[in-house]
Every structure is written in structure tokens, then in C-alpha cells.
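Worksheet for the structure shown next.
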Amino acid sequence: MAMRGYYFAMDDNLVRQIAAGDIALKSLKIDDYPGLGIDRSWEAIHYLLCGDIADGEPPLGYVVPLTSDKGIDFGSFGAFSLRAEQVAEALQAMFELDEAQLRLRYDFSVMVKDEVYPLEPGTVSDEDADEFFAYMLQNFNDIRRFYSHTAAEGKGLIFYIF
């Protein structure tokens, strides 16, 4: 089963109400909100930025928010919320990273060894390293653009895996 990551932006007050449990996320029509799908790159990008598969330190941990303390009951894997100020912090941190700096953080063989999703030992080889980096970089750049629009509008966001 392929697990894909998806963001959607919404009014910061609505994010606050959802995070507090005052409004059930499943009661909203997600298609009514601006969104971004990042395919299966979510865990790999979080790992690239934070060095772990979950609970990364802010502000880079906000880029793909996989934190145990932000969980919202939603779907099979839950969802994670970011307030507008956290989106802005993450955006600033992303603007400080260029392709060369991301490449310095990238160690394909360690990611395979640590079984970072979607990499599975035995199904990928070192020959896949450049292609996988390009895949992550494209999704990272898409996230940066999405966060830029979201922050400019003063919105928060929800991230979930489906």
C-alpha cells in the first residue's frame, strides 16, 4: 500500500479549533481548501531535514510535521497541524537551504539502511540515488512554494498521510 502525504491550508483559527478537538477534521470537505500532494516523499524529506523519521526539531520539523504531540484523529495514520506562525518559521528555514546544502545532508545508503519510506532494502540500489534526490528536491520545492502562499495569507495547515 502506497502512503502519500497531503497538505491543505486553512484559516489559522480553524486549525486551532481542529487541533483542540472542537471541530472534527473528518467533518470538513478537504477539497474546499488549497492543497498539495507530495506523493510518497513525505518521510524521506522529513528524514533529510531532521535526521530521523519523526519528531524532528522545529523549524525544519515543521516542513513535514510528523510529531507525536500534534496528532489529530483522521484516517488511518492521523493528521498533524501547524499554526500560521509555525508555517512562517518553516518557510524561513526552507529558504535558508539550497540544493547544494540539501545534497550535503543527503546520504542515500543510510536512508536505505534506516528503511526510510518509500525506500526498501533490496529493491533499490546506489544507482537510484540521484533519481531519488531529484524526486525529493522537486517535492521539497513544491512544499516551499505551498508554504510561501500559505504564510502570505496568514493561514495554518494540516498534513496527513493516506
Side-chain angles (χ1 to χ4, degrees), residues 1-10 15 18-19 25-26 30 33-83 86-151 156-162:
M1 177 176 121
M3 298 181 291
R4 291 165 166 55
Y6 191 80
Y7 298 86
F8 56 99
M10 59 179 52
V15 171
I18 292 166
L25 185 55
K26 62 186 172 189
I30 294 170
Y33 301 93
L36 172 69
I38 59 167
D39 196 42
R40 300 179 315 148
S41 69
W42 53 275
E43 189 173 79
I45 292 172
H46 185 84
Y47 188 93
L48 177 70
L49 299 175
C50 301
D52 206 342
I53 59 171
D55 291 321
E57 289 294 316
L60 290 175
Y62 294 152
V63 176
V64 181
L66 300 173
T67 56
S68 55
D69 66 338
K70 298 279 189 278
I72 298 168
D73 183 30
F74 185 71
S76 299
F77 302 102
F80 307 91
S81 66
L82 289 181
R83 302 287 313 284
Q86 293 168 316
V87 173
E89 285 178 53
L91 178 62
Q92 180 61 40
M94 282 188 279
F95 275 129
E96 294 172 8
L97 294 172
D98 62 16
E99 181 177 345
Q101 291 166 318
L102 290 171
R103 193 162 287 278
L104 287 173
R105 293 171 171 260
Y106 182 58
D107 189 331
F108 183 75
S109 61
V110 170
M111 291 177 85
V112 172
K113 181 178 103 10
D114 288 348
E115 299 181 23
V116 173
Y117 186 78
L119 303 172
E120 295 179 35
T123 64
V124 294
S125 70
D126 288 342
E127 295 170 4
D128 299 316
D130 287 337
E131 184 178 331
F132 190 70
F133 180 80
Y135 169 72
M136 285 193 311
L137 181 62
Q138 177 61 50
N139 282 288
F140 176 82
N141 288 331
D142 290 346
I143 294 167
R144 185 166 34 201
R145 279 188 293 279
F146 182 74
Y147 272 50
S148 184
H149 294 299
T150 302
L157 60 79
I158 304 289
F159 175 77
Y160 74 101
I161 301 159
F162 67 98

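Starting from 1, each residue takes its place in the sequence as its number.
Aromatic ring pairs are classed by plane angle as parallel below 30°, tilted from 30° to 60° and perpendicular above 60°; the pair Y6 and F162 is perpendicular. Ring geometry, Y7 versus F146: the interplanar angle falls from 30° to 60°, so the pair is classed tilted.
For Q138, the side-chain hydrogen bond (donor to acceptor under 3.5 Å, both in side chains) partners two or more places apart in sequence, or in a different chain, are D142. By the side-chain hydrogen bond (donor to acceptor under 3.5 Å, both in side chains) test, D128 is found to be paired with no residue, residues two or more places apart in sequence or in another chain being considered. Evaluation of the salt bridge (Lys or Arg N to Asp or Glu O under 4.0 Å) rule for R105 yields no partner, not counting sequence neighbours.
Formation of a donor-acceptor pair under 3.5 Å by the D98 side chain with backbone atoms of A100 is found in this model. The closest donor-acceptor contact from the side chain of R40 to the backbone of P118 lies at 3.5 Å or more, if one exists at all. Here the side chain of Y106 pairs a donor or acceptor atom with the backbone of A129 at under 3.5 angstrom.
Heavy-atom contacts from other residues, nucleotides or ligands closer than 6.0 Å to CD of E131 number 12 or fewer. Other residues, nucleotides and ligands contribute at most 12 non-hydrogen atoms within 6.0 Å of the CD atom of E120.
At a threshold of 4.5 Å between non-hydrogen side-chain atoms, the residues Y62 and L157 do not count as touching. Using a 4.5 Å cut-off on side-chain heavy atoms (C-beta onward), L91 and R144 make contact. With contacts defined as side-chain heavy-atom distances shorter than 4.5 Å, the pair L25/Y160 does not qualify.
Closest approach of F132 and A44 over heavy atoms only: CZ-CB, 3.6 Å. Contact between N139 and I38 at its shortest, heavy atoms only, is OD1-CA, 3.4 Å. Here the closest heavy-atom approach between residue V15 and residue R83 is recorded as CG1-CD, 4.3 Å. Of all non-hydrogen atoms in F80 and L66, the two that sit nearest each other are CE1-CD2, 3.9 Å. The two residues A88 and A151 come nearest to each other via the heavy atoms CA-CB, 4.4 Å. Considering all non-hydrogen atoms of both residues, M3 and Y117 come closest at N-OH, 2.7 Å.
Atom CE of M111 sits about 6.0 Å away from atom CG of L48, to the nearest 0.5 Å.
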